[in-house]
Amino acid sequence: MLGDRQGGHAESISLPSATIVIDVGNYYPFRDGRIDELENGLTESVWVERQIGRPVIKVLNTIPSKALMAAGRPAGSRDRVALPISGDNTKAKEIVSQLIDRIGFDSVDAGTIAESWRQQPGSPVYCTNPTKEELRLWLKKVDRSSLAANREKGLKAYYPTRDADYQAQIEAHRSVLINEWLLLSLGKQLE
């Protein structure tokens, strides 16, 4: 990203108005420094839009780079990974969805940029390579209040696998984030 992650604004760049800007980033305070607006609940991609002064489409932030390179499958494959797409421009999301399909992944419309918190680190959809069915279910059930704590748990599970293959990385995230989600879901059902 151009600019200062500590609240400064990005350098001004000139792009045609029809250019689609894709936000693939994720906020990690240990790497990016503490950003008070994000710590106080502002959705990451809303913050990015404010920094660059342009609307964005949020996608490709929920898949580890190794999985992005190796997990693509032909359309209709039973094990095809699905990626959430958030944004306020329906046409731009359709174009990005076509791109995602071409590189071997399904996509699910995850709502507006303001709703893109559902795909931030700590969510059960983050780095767990869900199928389309799993992604649709999990997006509906994300608990925003647990994102920061689950982000840290997911990072601790992932870190020992950072040099492993993508399946090990996915299993590390699933072991924490999906279990947390299941426990939370069961607890809400028992209430």
Distance-only donor-acceptor check, side chains S77 and D79, under 3.5 Å: no
Please answer whether the main-chain N or O of [Y] pairs with a side-chain N or O of [X] as donor and acceptor at a distance below 3.5 Å.
| X | Y | answer |
| --- | --- | --- |
| E115 | T112 | yes |
| T131 | E134 | yes |
| Q120 | L147 | no |
| R54 | T19 | yes |
| R144 | V142 | no |
| N129 | V81 | no |
| Q119 | K58 | yes |
| R50 | W47 | no |
| D88 | I113 | yes |
| T43 | A114 | yes |

Non-hydrogen atoms of T161 and A157 that approach each other most closely: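 Where T161 meets A157 most closely, the heavy atoms are CG2-O, 4.1 Å.
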Over all atoms of both residues, closest heavy-atom pair of G87 and I57: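 The answer is CA-CD1, 3.9 Å.
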Within 6.0 Å of CZ in F30, more than 12 heavy atoms from elsewhere: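 Counting neighbours around CZ of F30, more than 12 heavy atoms of other residues, nucleotides or ligands fall under 6.0 Å, so yes.
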R80/D101 salt bridge by N-O under 4.0 Å criterion: yes
Distance in Å, Q98 CD paired with E94 CD, rounded so as to fall on 0.5 Å steps: 7.5 Å
Please tell me if the side chains of [X] and [Y] come closer than 4.5 Å, counting only heavy atoms from C-beta onward.
| X | Y | answer |
| --- | --- | --- |
| V108 | V125 | no |
| D143 | N150 | no |
| Y158 | C127 | no |

Side chain to side chain contact (heavy atoms under 4.5 Å, CB included) between R151 and L155, intermediate numbers included: CA-CA 6 Å; R151 176 186 64 212; L155 188 59; 5.6 Å; no
Y126 and H173 aromatic ring geometry - parallel, tilted or perpendicular at 30°/60° bounds: perpendicular
Common cluster, L60/I95, ILVMFWY with side-chain heavy-atom separation under 4.5 Å: yes
Derivation and outcome, side chain to side chain contact (heavy atoms under 4.5 Å, CB included), residues I63 and F105: CA-CA 11 Å; I63 186 168; F105 300 92; 3.5 Å; yes
